[in-house]
2 protein chains.
Amino acid sequence: MSSSRTARERVRAELTREIADIARRQLATEGATGLSLRAVAREMGMVSSAIYRYFPSRDDLLTTLIIDGYNALGEAVENADAATHREDHTGRWLAVCHAVRDWALAHPHEYALLYGSPVPGYQAPQDTVAAAVRDTVVYGRIISEAFHAGALNPPDVAPPPPAAFAEDATRVREIISDIPDDVVARALVAWTGLFGWVSFELFGQFNGAILNRDPAFDHAMRSHAAYLGLPL
Amino acid sequence: MSSSRTARERVRAELTREIADIARRQLATEGATGLSLRAVAREMGMVSSAIYRYFPSRDDLLTTLIIDGYNALGEAVENADAATHREDHTGRWLAVCHAVRDWALAHPHEYALLYGSPVPGYQAPQDTVAAAVRDTVVYGRIISEAFHAGALNPPDVAPPPPAAFAEDATRVREIISDIPDDVVARALVAWTGLFGWVSFELFGQFNGAILNRDPAFDHAMRSHAAYLGLPL
DNA sequence: GCTCGTCAAGAGCAGTGCTCTCTTTTATTT
DNA sequence: AAATAAAAGAGAGCACTGCTCTTGACGAGC
């Protein structure tokens, strides 16, 4: 009884996975707007309406791809961090930066789906946020551990964060635990700086100007490290 | 002869402008992928094929909107800079930052078109780049003037840019004139940091975490100013 | 053995960008 | 003023999209 039911559910899970895989391949070549349910169905030898047995709408398929994307990026970041020495906080930060950029360059359309313009009419469901912060959690752990190891000695040039920032800092501390407001503020600047750079590079803003990008990126991220107070 | 010819060309120019205007309104409400030539034609009381007399393709209409967008943002940035004291370089930087963010918040879909995921299959023609650097030119002027006024005293924590950066720095100096490589590098970090923040805010990455955004943004941009070496 | 839920298939709806042809309007030339 | 050339609008049509609804087949549980 349950064995046959699982047999059915197993083929269902298998097909669901295959649809997502083909969709991901299409996403990689055509981009988000080029993702077509009918094309996926065609490639599977299915009729288009059959897809709807597995994904109630195109947006649901997109959601799956987004969650998978966040997880893939998060895993890449986790692996990069794990391959470094725990006490080498600067190395960990740089490893995270390069992991984000490398993954983005390898999966430009997926990156665009995660960090580019939101798909119009598409409202990200709550399921995505858990996966979305996976890389941020790694980043937060590095900052937090560096701070508590006394390895964060920021240059004394930045103004203190405004009082109005306290509330947001408390919320951020649910991810990056136990660091003072000013470190939260600096962490935010570095984090947005990382993704700002990657987005500029990927979305064509550097075209014709910044061409030798590997060393420029590395130096920019070292600059952020210096601003964070990480030792160089 | 020429007066009648201009009569025809005048109504043509008028219609072209009206199409672009309606398209911009649609873009503002529906987003880039929701921009439909047929809908524009419908709103104009035209038949869809007639639009093609004015814009050979949807991409051409998009190009027009993109150029207009860059110009609108560039003008906003220029005005913000012009409203400050020329010697107050920090104030000018902050004015530019807020102008970019304010414009982006007021025109989220247009900002997404300019700085978000590139539209798939769409190749930005050369016409766009002239308009695209308009805000960067203002920024570059501020940095350059601050440097030559001796107002740039960066904290001595950042590593010097790598030798491989020299070539790109030369290219950047065509926009930001006469500043040394390390200032170019810092300027790049701040510039990407600004747009990284705005993109995060606009594309939903701050949702549920950073809510009191005005003061947080202002502080973040002051931090970039400090890193640039601008006096606070 | 019969019923019932699951699934694939197909037709169809409303929409899209774009092209082609045909007709009407406008401007120029003879 | 009439004839000609150029430009623009109208409409049909192609191939495509997401999505819905109905029909028919198959396998599991009573």
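Naming: A, B, ... by sequence-line order, numbering from 1 per chain. Quantities reported herein were computed from a predicted structural model and do not represent experimental measurements.
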* To do: Identify, with sequence neighbours excluded, every residue that meets salt bridge (charged side-chain N to carboxylate O under 4.0 Å, His left out) alongside B:R213.
  => none
* To do: Provide, to the nearest angstrom, the distance between the CG atom belonging to A:L35 and the P atom belonging to C:dT16.
  => 20 Å
* Near-strand residues of residues 37-48 of chain B, defined as heavy-atom separation under 4.0 angstrom from DNA chain C -> B:L37, B:R38, B:R42, B:S48
* Structure fact -> Contacts of A:Y54 meeting side-chain hydrogen bond (donor to acceptor under 3.5 Å, both in side chains) (sequence neighbours excluded), chain-then-number -> none
Would you give me the side-chain donor-acceptor pairs under 3.5 Å for residues 45-53 of chain A, sequence neighbours excluded?
none

* Could you tell me which residues satisfy side-chain hydrogen bond (donor to acceptor under 3.5 Å, both in side chains) with A:R141, sequence neighbours excluded, listed by chain and number? => none
* **B:I176 and B:W191, any side-chain heavy atoms less than 4.5 Å apart** => no
* **Partners passing side chain to side chain contact (heavy atoms under 4.5 Å, CB included) against B:A112 (at least two apart in sequence or in another chain)** => A:S117, B:F203
* For A:H107, check ring-ring contact (aromatic ring centres under 6.0 Å, His included) against everything at least two apart and list the hits. => A:W103
* Value in whole Å for how far the P atom of D:dG18 lies from CG of A:L61 -> 10 Å
* Please report the shortest heavy-atom distance between A:P108 and A:L202, naming the atom on each side. => CA-CD2, 3.7 Å
* **B:I51 vs A:S57, nearer the 5' end of DNA chain D by closest nucleotide** => B:I51
* **Sub-4.0 Å heavy-atom contacts from residues 11-23 of chain B onto DNA chain C, ordered by number** => none
* Residues two or more places apart in sequence or in another chain: which of them pass side chain to side chain contact (heavy atoms under 4.5 Å, CB included) with B:D214? -> B:R101
* Give the rounded distance in Å between these two atoms: CZ of A:R58 and C1' of D:dT20. => 18 Å
* To do: Provide, to the nearest angstrom, the distance between the CG atom belonging to A:D59 and the P atom belonging to D:dG18.
  => 11 Å
* To do: For D:dT17, take OP1 and OP2 only and decide whether either is under 4.0 Å from a side-chain N or O of A:S36.
  => yes
Under-3.5 Å N/O pairs linking protein and nucleotides 22-26 of chain D:
none

* To do: For B:I67, enumerate each residue passing the side chain to side chain contact (heavy atoms under 4.5 Å, CB included) test, keeping only those at least two apart in sequence or located in another chain.
  => B:T63, B:N71, B:D127, B:T128, B:A131
* To do: Please state whether the phosphate of D:dG9, meaning OP1 or OP2, lies under 4.0 angstrom from any side-chain nitrogen or oxygen of B:Y54.
  => yes
Under 3.5 Å, which donor-acceptor pairs do the side chains of residues 36-44 of chain B form with other protein atoms, sequence neighbours left out?
residue	atom	partner	partner atom	Å
B:S36	OG	B:R38	N	3.2
B:S36	OG	B:A39	N	2.9
B:E43	OE2	B:R25	NH2	2.2

* Provide, to the nearest angstrom, the distance between the OH atom belonging to B:Y52 and the P atom belonging to C:dT16. => 11 Å
* Structure fact -> Here the distance between atom P of D:dC16 and atom CD of A:Q26, to the nearest Å, is 14 Å
